[in-house]
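Since the structure comes first, as structure tokens, the remarks are kept for the end.
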Amino acid sequence: MTGDAGDMLSWDESVFRDESVFEIDHVPETFRHRESQLENLKYALRPAVRGSRPLNTMVRGPPGTGKTTAVQKLFGELGARTEVRTVRVNCQVDSTRYAVFSRLFEGIFEYEPPSSGISFKKLFGQITDRLVEEDEVLVVALDDVNYLFYENEASDTLYSLLRAHEAHSGAKIGVIVVSSDLGLDVIDDLDTRVQSVFRPEEVYFPVYDATEIYDILAERAKRGFHEGVIGDAELERVADLTADSGDLRVGIDLLRRAGLNAEMRASKTISEADVEDAYDKSKHVHLSRSLRGLSESERDLVRVLAEHDGERAGAVYDAFNDETDLGYTRYSEIINKLDQLGVIDAEYADVEGRGRSRELSLAYDAEAVLDRLE
């Protein structure tokens, strides 16, 4: 341990003023560099304040560009109005139509529906009945809607929401879909019956530029750390690494981990080495988040892939089948989902004597994947 005693933390001291500002789902008091996107969302939602159905909206952009935060900020403002009910559904967790509507039920009635024995039709009817009785407008945000597409549940879910006023006269529901998968064409991938009624306003969230990243991270550091904990050089290094990743969440996580590294050394200040060491973990924020949303069988397949990285799909399937007893159809479905999530790369290649076969490879270092599956 180096440094003067005055530079050392005592056992009951911390570099953090408020560690919660470095949580990924923290909604900041000051939301910078998204003014035009917020105005476009407000434009779409304004009819709800007047008691009418709001305009449906599609929010798109790469991961870590402020989409969820923007929705949460506006829902916080709308929540103060008794005539507007807002519910944000995390589709990474609730990835079926029934799960989505169970979350809506919970948001409206403030308790969970029965875990079994209630049909979708009854669940749907109770939600719309309540909206009509209370004369409320419901605004639903389907966050990470791409997960509904991966499970082939998007069309049924949106159809039920968009046709609610026909099923129950007087029900007023508006939908915001939020997607971080730029390879997904939300409209084209929906059934024609949904396309005919879903004509959303589009709001795009681009990657933050280097100046914006520094500005946002400096604000977080000011609120989260005590004065003098992180210097300009270290903050600039965090901003540079964040810009390289293209994901603001990497920088937010990196600040927190660098602070924890400083505390591990009992230091009152963050060094550049603290930042560099923290980056090895923070750069995998997107991977960690993707893996957290997987089912047990999906995680099993990722583990098998990591242990058989570079082998052909047939060999991977045999190992997966030995471990889970699941058939090829389910295996193929999971492969497609992991490919869409960006966890693996699945490409078709010509194999001599066998026609076309899929080559599977992890999009991340196998050791990093296995570490995050534990």
Side-chain angles (χ1 to χ4, degrees), residues 24-25 58-65 67-68 89-97 99-100 141-155 157-158 177-190 205 207 245-250 253 281-311 313 316-317 319-320 323-324 326 328-348 358-374:
I24 298 300
D25 58 356
M58 178 166 62
V59 174
R60 295 178 67 247
T65 51
K67 301 181 298 298
T68 297
V89 181
N90 179 357
C91 298
Q92 186 181 20
V93 176
D94 298 305
S95 57
T96 67
R97 182 178 68 163
V100 168
L142 298 176
D143 205 354
D144 278 326
V145 72
N146 31 300
Y147 282 86
L148 291 181
F149 283 90
Y150 303 156
E151 302 295 343
N152 295 316
E153 293 275 348
S155 290
T157 303
L158 279 169
V177 298
V178 184
S179 175
S180 296
D181 184 349
L182 298 184
L184 174 70
D185 191 321
V186 171
I187 303 300
D188 283 356
D189 284 5
L190 289 168
F205 284 65
V207 172
S245 75
D247 187 338
L248 186 66
R249 295 173 304 186
V250 169
D253 188 71
K281 291 187 176 179
S282 294
K283 66 184 178 182
H284 293 305
V285 162
H286 185 68
L287 171 63
S288 298
R289 188 169 181 271
S290 296
L291 294 178
R292 273 200 305 273
L294 298 180
S295 67
E296 186 177 347
S297 59
E298 290 163 350
R299 290 169 67 86
D300 286 340
L301 180 50
V302 174
R303 185 176 292 104
V304 168
L305 282 163
E307 293 167 351
H308 296 77
D309 197 20
E311 297 185 27
V316 173
Y317 168 69
F320 175 69
E323 185 164 323
T324 65
L326 292 173
Y328 192 84
T329 299
R330 182 58 184 149
Y331 163 79
S332 184
E333 288 172 351
I334 298 174
I335 288 292
N336 289 337
K337 177 177 178 177
L338 296 176
D339 187 24
Q340 290 170 313
L341 277 174
V343 174
I344 67 169
D345 295 315
E347 296 183 359
Y348 282 95
R358 275 205 288 195
E359 290 187 345
L360 308 175
S361 60
L362 290 169
Y364 298 89
D365 176 70
E367 187 175 338
V369 171
L370 290 170
D371 283 347
R372 283 154 185 80
L373 284 171
E374 293 177 356

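When a residue number appears, it is its place in the shown sequence, counting from 1.
The structure places OG of Ser297 at 4.0 Å from CD1 of Ile334, a figure rounded to the nearest 0.5 Å. Atom CG of residue Leu294 and atom CZ of residue Arg303 lie 11.0 Å apart, to the nearest 0.5 angstrom. The line from CZ of Arg292 to CG of Leu287 is 10.0 Å long, rounded to the nearest 0.5 Å. We find the CG-CG distance between Asp300 and Leu305 to be 11.0 Å, quoted to the nearest 0.5 Å. The CG atom of Leu301 lies 9.5 Å from the CD atom of Glu323; values are rounded to the nearest 0.5 Å. The structure places CG of Asn336 at 11.0 Å from CG of Leu341, a figure rounded to the nearest 0.5 Å.
In terms of modelled atom types and a separation under 3.5 Å, the side chain of Arg299 and the main chain of Leu373 share a donor-acceptor contact. Judged by distance alone, with hydrogens and angles left aside, the side-chain atoms of Ser95 form no donor-acceptor pair with the main-chain N or O of Gln92 at under 3.5 Å. A donor-acceptor pair under 3.5 Å links the side-chain atoms of Glu153 to the main chain of Arg97, judged by distance alone. Distance alone, capped at 3.5 Å, is enough to place a donor-acceptor pair between the Asp309 side chain and the Leu362 backbone. In this structure, the side chain of Lys281 does not engage the main chain of Asp253 through any donor-acceptor pair within 3.5 Å.
For the residue pair Asp339 and Ala346, the shortest heavy atom distance occurs at OD1-N, 3.5 Å. Between Ala306 and Ala366, the closest heavy-atom pair is O-CB, 3.8 Å. Between Arg60 and Leu182 the shortest heavy-atom distance is NH2-O, 3.6 Å.
Two residues are said to be in side-chain contact when any heavy atoms from C-beta on lie closer than 4.5 Å; Leu248 and Val207 fail this criterion. Considering only heavy atoms from C-beta on, Ser180 comes within 4.5 Å of Lys67 through its side chain. Between His284 and Tyr364 the shortest side-chain heavy-atom distance falls below 4.5 Å. Residues Val177 and Val59 have side chains not in contact (no heavy-atom distance under 4.5 Å, counting atoms from C-beta outward). Contact of the Leu190 side chain with the Phe149 side chain is registered, since non-hydrogen atoms from C-beta on lie closer than 4.5 Å.
A salt bridge links Asp144 with Arg289: the closest approach of a Lys/Arg side-chain nitrogen to an acidic carboxylate oxygen falls below 4.0 angstrom. One finds a salt bridge joining Arg330 and Glu333 here, because a Lys/Arg side-chain nitrogen approaches an Asp/Glu carboxylate oxygen to under 4.0 Å.
Ring-plane geometry between Phe320 and Tyr331 is classed as tilted, the angle between the planes lying from 30 to 60 degrees on a 0 to 90 degree scale.
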Pair Val145, Thr157 - check side-chain contact (heavy atoms from CB on, under 4.5 Å), show working. CA-CA 10 Å; Val145 72; Thr157 303; over 6 Å; no
Passes side-chain contact (heavy atoms from CB on, under 4.5 Å), Met58 versus Val178? Steps please. CA-CA 6 Å; Met58 178 166 62; Val178 184; over 6 Å; no
Please assess Leu360 against Leu338 for the test side-chain contact (heavy atoms from CB on, under 4.5 Å), listing each intermediate value before the final yes or no. CA-CA 10 Å; Leu360 308 175; Leu338 296 176; over 6 Å; no
Candidate pair Leu142 and Leu148, rule side-chain contact (heavy atoms from CB on, under 4.5 Å), full reasoning: CA-CA 9 Å; Leu142 298 176; Leu148 291 181; 4.2 Å; yes
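Counted by atom type alone, Asp143 and Thr68 present one or more donor-acceptor pairs between their side chains at under 3.5 Å. Looking only at atom types and distance, the side chain of Tyr147 has no donor-acceptor partner in the side chain of Asp94 under 3.5 Å away.
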